[in-house]
Amino acid sequence: MNQDYIKPNPWSIVEEGFDKERVKSSESLFSIGNGAMGQRANFEESYSGETFQGSYIAGVYYPDKTRVGWWKNGYPEYFAKVLNAPNWIGINVFINDEPLDLNTCKVVDGFRRELNMQEGWYKRTFKATLPNDVEVAVMVTRFLSLDLDELGAIKYELKVLNTDAEVKMVPYLDSGITNEDSNWDDKFWNTTGVTSEGNRAFIEAHTMKTNFGTCSYMQADVHFDGVSIQGDLGEKTETLVALEFNGKLAKGSTAQLLKFGGYTVSTNHQASQLIGAAHSVLDNASKLGFDGLLEKQRLAWGDIWNMSDITIEGDVKAQQGIRFNIFQLNQTYLGKDSRLNIGPKGFTGEKYGGSTYWDTEAYCLPFYMATKNQTVAWSLLEYRYNHLEKAIENAEKLGFTNGAALYPMVTMNGEECHNEWEITFEEIHRNGAIAFAIFNYYRFTGDYSYIPEMGLEVLIGIARFWHQRANYSEKKKKYVILGVTGPNEYENNVNNNWYTNYLAKWCMEYTLEQLKKVKDGYSSDYDRIIAHTHLTDAETEEWSEVAKNMFFPYSKKHQVYLQQDGFLDKEMIKVDDLDRSERPINQKWSWDRILRSPYIKQADVLQGFYLYEDHFTVEELERHFDFYEPFTVHESSLSPCVHSIQAAKLGRMDQAYTFYLRTSRLDLDDYNKEVEEGLHITSMAGTWMSIVEGFGGMRVLEDKLCFTPQIPKEWNSYSFKVNFRNRIIKVTVGKEQSAFELIGNEEMSIRVNGNRVVLQPNKKVAI
C-alpha cells in the first residue's frame, strides 16, 4: 500500500480534502466511462497545477511511428496510441475577472469528491477563497450516459458567499490537445471546422493517418439565481470555440451551468453528417433534461448491478474494492460493439497503447461470460476471428508460412503494434490464451456453434504457428521452443518456458480434437474450412508428433517443472530476504539485474496450473506454489489474483485473502506506485475471479457447475450471481452455511463440495 486517502464506503469512492500532490492519482481513480467514451476526472475549471488531461473515444487511435535505437526486420512500423480526444468538459470561471483555479486559491475548504458506483455519477464540491478574496462554493455533477452513449452531462453550480460579484462562465471545446506518450510529438489531430449555433458549438476534426472523423460538441444553458442568461460567442480559433455567459450574482445567490457534450464519430455515422448527428443527440438530451438523464443513468446502472454485484458483509474495504473493479470493467466495455475490446488502461490513461492484449482472453472473458449474456463473450471471440487474416500477416512478417497465425501482443486492428522486441517477438504465449478462451467459452456456455462457424479457423492458424515455432532437439530427443518470454516478463529470450511449451502442446491437441468433432457433426462447415485452409492429414499428423514429444524442463530435486531451462542457475534469494528499500525492483534495479535475478513479475508456471487445473493434482499444485511464490514480486497487476485463487484452492485462506486485498485495491491503494498513469482495467477481472473462482470455488467439471465455497475470517458473508447457460444462480456464503438459489424456470443440478445438489426454480437450498 502506497496511499490511503480514499475513504471506506461500500458504494462510493470518496476523497476529502484538497491535496495538490494527489490530483493526478485522483484523476485516474475517479475516471468515468460508458463503453463508447471515457475521461479522467479532470477539473472542469482551469487548473494550473500538475494534471493529466485525458478524454478518450473507443476505437479511435493513431499509428505513432515506432521509436527504437535501431531498426530490426520484423519490427512493427507503429505503436498504436489511444488518442487523447478533444476536450469538451472545460468551463472557465471568472469572479470579478479573477479566474477560479484551485492551484492559486488562497484557501480551499470542504473539498470532497465522490464517484457513486451504484448510480454512475461523479460529484465534486468545495469552498474556495480566490486571490481577490471572493469566497465561493462550488458543486459539480458529471456523468457519461449509458443510454445515449455519445453524450455526457455536467451540472456546474457556483454560489458567491461573501459579496456581490460579476461572474463570467465560459464553456468551451478544445481540439488543440496532445498525447502525453507521443513518440515523436507528431500532430495527431487535424481540425477541419469550428462552428457555433446559438448555445451549441461544434469542432470537427479527423485523426492523422487513420482518418477517423469526429465531431466534438456541446450545448450550454446558464441560469443566474434561476434566471436564464443569454450567452454570446466568446473565443473562436482554429482549434477552440467558447461561449460566454456574463452576469451579476448577489451574495448568497447561485449560478448554474448545464453542459451537454460528447462525440459523434465516423465509425457510427457518415463523415458528412457528424454535426447533424450531434444535433440529434442534443435534441434528445434537451427533452430529457439533466435530471431525466440522471434518472435513466440510475436505472441503467441498477440493471448492471442486479447481475454483476458481489456483496461482502463485514469488510467495507473489501466491499469497496470489488465494486470499484466491477464498476470500472463495465465503464470500459459493455459488449455492444464487436469492433471494440478491453484496453489495459480503458479510458483512464494512455500507457501501453492499443486496445487489446491477451488479458482479455485470460482474465476478462470469464467475468463477461458470467455477468452478461453469452452474446457479449461471443463478441470478444468474434473480434479475434475478424482479425485472423491480420494475425496470419503478422506471422508472415516473421517468416512463418502456410497460414500460421500469430496474434498480436498489442493491437487496435489486428496488426501487431508493440515495439519492444522481447515482447513483440517472444511473448508468443498470447496465442495460447486465445485458443484457451475458445475452449473456455464452450465449456462455460455450452454453445459449440462458435467453433464450426469461426473458432476452428482460428485454432488451425494457431496450431500451425506452434508447429512451425517448435524445433527438434537432437540432444534432448524432444521438440523445444527457443527464445521466448513467458508471462513472467522479468525473464526475456529464454528457452523452453514451461508455460509456453505447455500451451503449444495443448493448443495442437485441442485443435486436433475439434477437427474430428466438426468433421463428424458439422460436415458442411468442415468442408468449407478445409477448402479454405488447405489442411492435410499429413500436416495434422505432424502436429500430433510435435505435441506428443514436447520438452518440459523439470527439477527432480524440487519435483517441480522449471520456469525455463536455466532457472536454477540463478542466485535463488527469496523475496522476503530482499531489503524493502529495493522494492519495487522495476523502479529500483537495472533491467540487466532484473533479468539475471530469480524474481518473477507475475504467475508463470502457476498461470498454467490455473488454466489447466484439472491436468494436475492438488499435491502438484502445492509443490509448485510453495516453490515459486516466494520468488514472486507481484509487480504485474495480473499476478495477485491468480495466487489468490491458487491459495484458496490449497485451503490457505489467510494468504488468499491477502492476495485478494492486493488485487482488489491495487489502484485504490496504489500498490505499484503508478496509479496516476491510469487504472489497471483488465486485471480488475481477476479480482472478480478471486472471489468467484477462489473463495467460491466455482468450476465447470464434467459439464456441471461446481462450487467449493470458503469464506475469509474477516467476512461475515458474501454473495454473487453467475449466468450459467442462460440460468442465473445466486450463491451466498456465510460462516456456517452456504445457500444456492436458481433464478429461472427449469430445475438444474450443480455440485457443492463434490455432492450433487438439485436446484428448483426460485427456491433457496442451504448447505
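Only heavy atoms go into these numbers, but all of them, side chains included; no hydrogens, no water, no symmetry mates.
- No donor-acceptor pair under 3.5 Å is formed between the side chain of Ser683 and the backbone N or O of Gly686.
- Within the 3.5 Å criterion, the main-chain N or O of Leu679 finds a donor-acceptor partner in the side chain of Thr348.
- Classification of the Phe707-Phe720 ring pair by plane angle, with boundaries at 30° and 60°, yields tilted.
- The distance between the ring centers of Tyr479 and Trp466 does not fall below 6.0 angstrom.
- Across all their heavy atoms, Gly414 and Asn394 have their closest contact at O-ND2, 3.0 Å.
- Between Arg623 and His558, the closest heavy-atom pair is CD-O, 4.3 Å.
- Checked against a 6.0 Å centroid threshold, the rings of Trp358 and Phe436 do not count as neighbours.
- With hydrogens and angles disregarded, a donor-acceptor distance shorter than 3.5 Å links the side chain of Asn413 to the backbone of Glu415.
- Across every non-hydrogen atom of Leu329 and Ile681, the tightest pair is CD2-O, 3.5 Å.
- Taking the ring centroids of Phe616 and Phe609, they lie under the 6.0 Å cut-off.
- Checked against the 6.0 Å centroid threshold, Tyr407 and His387 do not count as a close aromatic pair.
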*For the pair Glu422 and Glu427, evaluate side-chain contact (heavy atoms from CB on, under 4.5 Å) and give the outcome as yes or no after the intermediate values.*
CA-CA 7 Å; Glu422 67 273 18; Glu427 201 163 337; over 6 Å; no
Let me check something: any side-chain donor-acceptor pairs from residues 641-651 under 3.5 Å, sequence neighbours excluded? List them with distances.
unit_1, atom_1, unit_2, atom_2, d
His643, ND1, Ser639, O, 3.0
Ser644, OG, Ala656, O, 2.9
Gln646, NE2, Leu606, O, 3.0

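- For the atom pair CG (Asn440) and CG (Leu381), the distance works out to 9.5 Å, reported to the nearest 0.5 Å.
- Taking the charged nitrogens against the carboxylate oxygens, Asp614 and Arg699 have no contact shorter than 4.0 Å, which rules out a salt bridge.
- The side-chain hydrogen bond (donor to acceptor under 3.5 Å, both in side chains) analysis of residues 500-513, with sequence neighbours excluded, yields the pairs Asn496-Asn501, Asn497-Thr500, Tyr502-His615, Lys505-Glu509.
- With a 4.5 Å cut-off on side-chain heavy atoms, Phe400 and Ile392 do not count as touching.
- Ionic pairing of Glu582 and Lys588 is not present here: no N-O contact between side-chain nitrogen and carboxylate oxygen is shorter than 4.0 angstrom.
- The two residues Cys507 and Gly432 come nearest to each other via the heavy atoms SG-CA, 3.7 Å.
- Between atom CG of residue Asp667 and atom OG of residue Ser637 there is a gap of 8.0 Å, rounded to the nearest 0.5 Å.
- Ion pair Arg430/Glu416 flagged as a salt bridge, since at least one NZ, NE, NH1 or NH2 atom sits closer than 4.0 Å to an Asp/Glu carboxylate oxygen.
- Aromatic pair Tyr56/Phe347: centroids not less than 6.0 angstrom apart.
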*asked:* Working note: Asp654 + Lys713, criterion salt bridge (charged side-chain N to carboxylate O under 4.0 Å, His left out); need CA distance, chi angles, decisive distance, verdict.
replied: CA-CA 8 Å; Asp654 287 346; Lys713 66 178 184 297; 2.7 Å; yes
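- Of all non-hydrogen atoms in Val410 and His418, the two that sit nearest each other are CG2-CD2, 3.1 Å.
- Taking CG of Asn488 as the reference point, atom OH of Tyr628 lies at 10.0 Å (rounded to 0.5 Å).
- Using a 4.0 Å cut-off between a side-chain N of Lys or Arg and a carboxylate O of Asp or Glu, Arg596 and Asp569 do not qualify as a salt bridge.
- A distance of 15.0 Å separates CZ in Phe627 from CD in Glu622, rounded to the nearest 0.5 Å.
- Look at Arg40 and Glu676 and you find no salt bridge, because none of the NZ, NE, NH1 or NH2 atoms lies under 4.0 Å from a carboxylate O.
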*Intermediate values then yes/no, ring-ring contact (aromatic ring centres under 6.0 Å, His included), Trp589 and Tyr490*: CA-CA 12 Å; Trp589 287 14; Tyr490 288 177; 9.1 Å; no
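- Remark: Arg665 does not engage Asp670 in a salt bridge, criterion side-chain N to carboxylate O under 4.0 Å.
- Going from atom NZ of Lys390 over to atom CG of Leu406 covers 14.0 Å, rounded to the nearest 0.5 Å.
- Counting heavy atoms from C-beta on, the side chains of Ile310 and Val692 come closer than 4.5 Å.
- With respect to Lys351 and Glu674, a salt bridge is recorded, a charged nitrogen being found less than 4.0 Å from a carboxylate O.
- The side-chain tip of Arg22 points at the ring of Tyr5 from less than 6.0 angstrom away and within 45° of straight on.
- Seen from the ring of Phe551, Lys476 counts as a face-on cation partner, given the 6.0 Å and 45° thresholds.
- Shortest non-hydrogen contact noted between Gly678 and Lys345 is O-NZ, 3.1 Å.
- Taking CD of Glu491 as the start and OH of Tyr599 as the end, the distance is 13.0 Å to the nearest 0.5 Å.
- Looking at heavy atoms from C-beta onward, Asn549 lies out of side-chain contact with Lys477 at the 4.5 angstrom threshold.
- Thr687 and Thr663 share a side-chain donor-acceptor pair at under 3.5 Å.
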